[in-house]
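Here the structure is laid out as structure tokens; the discussion comes afterwards.
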Amino acid sequence: MIRSILAAVLSFAMSATAPATPVHADAKDVAKIVGGLAAIYAVSRLIEDQRRQGQVRRTEQITRAPVYQPRYEPQPQPTRIRETPRTSPIYWSDRPAPRPFYNPVTLRVLPEQCLRQFDTPDGLTTGYGAQCMQNAVVLPGSLPPNCLRRLNTSVGERTIYAPRCMGRNGWSTRTARR
């Protein structure tokens, strides 16, 4: 650290006092430069002596904690005869049966909150709102596209699922399931 400070002071002193005309140094100027260098050297020796005695603490080096890295120990594999998966006698017994991510009982249940009445020029029409059905059904991709109907209402065009068509395609209400 002292070396970097000393280098900075000397470079500043040399650049600040450099005139554009040739310099003629006399004995006084040489004495000032030597005196300045001696003062800087004395200060650096004083700081080094104080460090050795423990009066000035050095900055401690930071040590990082070791990073946990689990050791890989391969598990012994049972020896099996290489067979094609479908002909292997252990192929199906090794794997658990797949579990569906939905309840099959509630898969095709029509949500009651989507049932609405729409005012059309032909009178009141009941149906399930298409947007509501897409958001409320467990598997929206299983909704039958042939049950979609376009209605002209007093508010504008609406898309609904027809209740009878939904019933013919295997969909039911909660009350019919009980």
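For this chain, numbers begin at 1 and follow the sequence in order.
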Checklist entry - Does any pair with a residue in residues 155-168 pass side-chain hydrogen bond (donor to acceptor under 3.5 Å, both in side chains), and if so which ones, sequence neighbours excluded? => result Gln134-Tyr161, Arg150-Glu157, Arg150-Thr159
Checklist outcome for this item: Correct closest heavy-atom pair for Asn169 and Cys147 would be ND2-SG, 3.1 Å
Next on the checklist: To the nearest 0.5 Å, what is the distance between CZ on Arg45 and CD1 on Ile40?
Outcome noted: 15.5 Å
Checklist entry - From Thr126 OG1 over to Arg116 CZ, what is the distance, rounded to the nearest 0.5 angstrom? => result 12.0 Å
Next on the checklist: Would a single hydrophobic cluster contain both Val137 and Leu115, if residues Ile, Leu, Val, Met, Phe, Trp and Tyr are joined by side-chain heavy-atom contacts under 4.5 Å?
Outcome noted: yes
Checklist entry - With a 4.5 Å limit on heavy-atom distance, are the side chains of Tyr128 and Leu143 in contact? => result no
Checklist entry - Once you round to the nearest 0.5 Å, how far does OG1 of Thr125 lie from CD1 of Ile160? => result 6.5 Å
Checklist outcome for this item: For Tyr41, the hydrophobic cluster (side chain heavy atoms closer than 4.5 Å, chained through members) also holds none
Checklist entry - Any sub-3.5 Å donor-acceptor pair from Arg108's side-chain atoms to Ser142's backbone N or O? => result no
Item to check | Residue list, salt bridge (charged side-chain N to carboxylate O under 4.0 Å, His left out) with Asp119, at least two apart or on another chain | outcome: none
Checklist entry - Quick one: do Phe118 and Leu148 end up in the same hydrophobic cluster if we chain Ile, Leu, Val, Met, Phe, Trp and Tyr together by side-chain heavy atoms under 4.5 Å apart? => result no
Checklist entry - Less than 4.5 Å apart, any side-chain heavy atom of Pro140 and any of Met133? => result no
